[in-house]
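Reminder, nothing fancy here: chain letters follow the sequence lines and each chain counts from 1.
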2 protein chains.
Amino acid sequence: MEKHEIKKAGLKVTLPRVKILSLLEKHGGHLSAEDVYKLLLGEGEEIGLATVYRVLTQFQTAGLVVRHNFEGGQSVFELDHGDHHDHLVCLRCGRVEEFVDDTIENRQQAIADRHGFTIKDHALVIYGYCGDPNCQKDD
Amino acid sequence: MEKHEIKKAGLKVTLPRVKILSLLEKHGGHLSAEDVYKLLLGEGEEIGLATVYRVLTQFQTAGLVVRHNFEGGQSVFELDHGDHHDHLVCLRCGRVEEFVDDTIENRQQAIADRHGFTIKDHALVIYGYCGDPNCQKDD
DNA sequence: TTATAAATGAGAATATTTATCATTATCATA
DNA sequence: TATGATAATGATAAATATTCTCATTTATAA
Ligand SMILES: [Zn+2]
Ligand SMILES: [Zn+2]
Ligand SMILES: [Zn+2]
Ligand SMILES: [Zn+2]
């Protein structure tokens with residue numbers, strides 16, 4: 001239940017927080033702050049955009065969600081299920097697919113070691129055209 | 001010579017374009033549009049920020065520079081020497097180091113194939129703390 | 001040299017995100 | 001359950017990054 005997760009994160013259980021977390025759980029995908037805002041408005045909820053940004057950032061700090069900075073404007077957020085993954089993003093339709101590759105993950109560690117870096121995070125995004133015929137046709 | 005590269009790119013050879021390209025060649029590193037703007041102002045050049053953005057975007061389109069969207073606000077630009085590479089970014093001092101790993105590059109292609117994606121581009125950024133003692137100490 | 005088309009620079013406009021602050025809601029305690 | 005200290009909210013302003021507009025200047029080919 002959302003309330004428990006929010007409490008566990010050390011945050012007060014408020015209506016906006018419950019609504020945002022529920023939406024992320026229901027939707028599943030990768031949503032921008034504005035997406036979340038508009039979807040909640042569409043559901044008849046009263047919420048402010050500033051609150052959405054604030055809460056998403058708090059959820060990120062608490063480890064409930066991850067933020068991704070794909071190309072093009074807005075950050076997107078998704079629930080953090082603890083399973084790190086990287087992304088394929090379609091430049092035509094915006095579809096996002098997820099993947100993990102242990103070989104890549106391991107190579108990154110080796111590279112960081114060689115450069116004397118301590119890894120805190122990483123982001124691998126493959127941009128391209130997804131399998132949809134409309135996205136594959138070149139113009 | 002810069003003039004030739006600009007002409008080759010199908011762009012008129014103008015003072016701002018030559019200055020920006022020279023700066024990128026001289027500096028070598030990863031500069032934001034604002035960095036470029038301020039460095040040129042510091043050299044006594046008269047140039048507008050809008051022109052810097054415009055020209056960098058044109059250079060990117062022409063394949064003279066690459067744009068990277070690291071975490072935290074501004075895009076950064078570097079000369080495109082045709083040698084693709086990915087980046088290590090220090091979260092403390094901002095240092096940027098470059099690397100290429102053929103294994104990672106190949107794995108990406110395999111992943112895209114499996115998902116039916118046609119790769120157009122990709123970005124791999126490893127964030128962490130670089131070797132500098134000031135950056136390694138945790139607080 | 002001149003005409004034409006393109007480029008520039010200043011500032012307005014847009015887009016995304018964060019900060020401010022008066023009001024409201026939460027929740028531990030009584 | 002009522003209360004009050006404290007934290008959260010939402011409207012709006014502000015900050016940040018980038019793009020657009022347009023009058024003026026500049027490049028280049030004839
Ligand atoms: Zn990964
Ligand atoms: Zn994902
Ligand atoms: Zn790469
Ligand atoms: Zn680089």
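Screening residues 94-122 of chain A for ring pair (Phe, Tyr, Trp, His ring centres under 6.0 Å), with sequence neighbours left out, gives A:His84-A:His122.
B:Glu71 places its CD atom 15 Å from the P atom of D:dA17, with the value rounded to the nearest Å. A:Ile6 has its CD1 atom 14 Å from the C1' atom of D:dT9, to the nearest Å. Counting to the nearest Å, the C1' atom of C:dA7 and the CD atom of B:Glu46 are 16 Å from each other. In this structure, A:Arg17 places its CZ atom 15 Å from P of C:dA25, rounding to the nearest Å. The OH-C1' distance, from B:Tyr37 to D:dA17, rounds to 14 Å in whole Å. When the C1' atom of D:dT18 is taken as reference, atom CG of B:Asp35 falls 15 Å away, rounded to whole Å.
Judged by the 6.0 Å and 45° rule, B:Arg92 forms a cation-pi pair with B:Tyr129.
Under a 4.5 Å side-chain heavy-atom cut-off, the cluster of Ile, Leu, Val, Met, Phe, Trp and Tyr residues that includes A:Leu15 has no other member. A:Val66 belongs to no hydrophobic cluster with other residues, because no ILVMFWY side-chain heavy atom falls under 4.5 Å from its own, directly or through intermediates.
Considering OG1 of A:Thr14 and NZ of A:Lys3, their distance stands at 11.0 Å, rounded to 0.5 Å.
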Would you tabulate the pairs of protein nitrogen or oxygen atoms and nucleotide nitrogen or oxygen atoms of nucleotides 12-22 of chain C closer than 3.5 angstrom?
from	atom 1	to	atom 2	distance (Å)
C:dT17	OP1	A:Ser75	N	2.9
C:dT17	OP1	A:Ser75	OG	3.3
C:dT17	OP2	A:Tyr53	OH	2.5

Distances for protein N/O vs nucleotides 24-30 of chain D N/O pairs under 3.5 angstrom?
from	atom 1	to	atom 2	distance (Å)
D:dT28	OP1	B:Val13	N	3.0

Next item on the list: Please assess B:Thr57 against B:Arg54 for the test side chain to side chain donor-acceptor pair (under 3.5 Å), listing each intermediate value before the final yes or no.
Entry: CA-CA 5 Å; B:Thr57 302; B:Arg54 220 167 8 211; over 6 Å; no
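Under a 4.0 Å N-O distance rule, the pair B:Arg95/B:Glu97 qualifies as a salt bridge. Ion pairing between a basic and an acidic side chain is recognised when a charged N comes within 4.0 Å of a carboxylate O; A:Glu5 and A:Arg17 show no such pairing.
A donor-acceptor contact shorter than 3.5 Å links the side chain of B:Ser22 to the backbone of B:Val18. With hydrogens and angles disregarded, a donor-acceptor distance shorter than 3.5 Å links the side chain of B:Asp35 to the backbone of B:Ser32.
Direction of the helix axis in the helix from C:dT1-D:dA30 to C:dA30-D:dT1 shifts by 30° between the two five-pair termini, rounded to 10°.
Side-chain heavy atoms closer than 4.5 Å link hydrophobic residues (I, L, V, M, F, W, Y) into clusters, and following such links, possibly through other members, connects B:Leu24 to B:Leu39.
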